[in-house]
Amino acid sequence: AALDAIKWHAFLPEERLTLRVQKGVVTIEGEVEWQYEKDKALESVRNLTGVVGVIDLIKLKPKLTPTGVKEKIRKALERVADEDAAHIEVIVEGSEIILRGEVKTWVDREQAVRAAWAAPGVTMVRNEIKVVPHVVA
């Protein structure tokens, strides 16, 4: 059933994932290119009847390098966080992104993280953004 749950999701690279089930614990391992693929794979087996635990051994292995990723994240931030985007610093270290700065709301903070994860080649996002309601745009 766990393998079927993975296969039912059209966006998951089932050929790159292996599953083992032992006493209700599902171990998923393999490689995916995007964080959303990893999240969806875990989510698809987590709520199956009889599953008591999920062990995540999935690695992020992006096909693309994060060339130009800073600009892509900056543009995405401008779309989702508008005036707060100017208060967010984007630091690219290989395939890892560090976000620093201040925004007015928790929603803006989360949108910034989603924008960073959406960039090609990103394997880690470290969110150091502070929520300060009085940030002046």
Evaluate side-chain contact (heavy atoms from CB on, under 4.5 Å) for V132 paired with V103, printing each intermediate quantity in order.
-> CA-CA 6 Å; V132 183; V103 294; over 6 Å; no
Please test E43 against K40 for salt bridge (charged side-chain N to carboxylate O under 4.0 Å, His left out), starting from the C-alpha separation and ending with a verdict.
-> CA-CA 5 Å; E43 177 188 322; K40 188 54 79 176; 3.4 Å; yes
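The two residues W117 and T123 have their closest heavy-atom pair at CH2-O, 3.4 Å. The shortest non-hydrogen separation linking A112 to I129 is CB-CD1, 3.7 Å.
Two different hydrophobic clusters hold L48 and V52 under the rule that ILVMFWY side chains link at heavy-atom gaps under 4.5 Å. Linking Ile, Leu, Val, Met, Phe, Trp and Tyr residues whenever their side-chain heavy atoms come within less than 4.5 Å leaves V113 and V107 in two separate clusters.
Once rounded to the nearest 0.5 Å, the distance linking CG of D108 with CD of E102 reads 12.5 Å. Once rounded to the nearest 0.5 Å, the distance linking OG1 of T105 with CD of Q111 reads 7.0 Å. Atom-to-atom distance recorded for L99:CG and K130:NZ is 14.0 Å, nearest 0.5 angstrom. A distance of 9.0 Å separates CG of L17 from OG of S44, quoted to the nearest 0.5 Å.
Residues H87 and K104 fail the side-chain proximity criterion, which asks for heavy atoms closer than 4.5 Å. For the pair Q35 and V122, the minimum side-chain heavy-atom distance is 4.5 Å or more. In this structure, the side chains of M124 and E93 stay at 4.5 Å or more apart for every pair of heavy atoms. At least one side-chain heavy atom of I97 sits under 4.5 Å from a side-chain heavy atom of V92.
Think of I91 as one node in a network of Ile, Leu, Val, Met, Phe, Trp and Tyr side chains linked at under 4.5 Å; its network also takes in I98.
Judged purely by atom type and a 3.5 angstrom limit, R100 has no side-chain atom pairing as donor or acceptor with the backbone of E89.
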With a 3.5 Å cut-off and sequence neighbours excluded, list the donor-acceptor pairs that the side chains of residues 53-60 form with protein atoms.
{"residue": "D56", "atom": "OD1", "partner": "I58", "partner atom": "N", "Å": "2.9"}
{"residue": "D56", "atom": "OD2", "partner": "K38", "partner atom": "NZ", "Å": "3.3"}

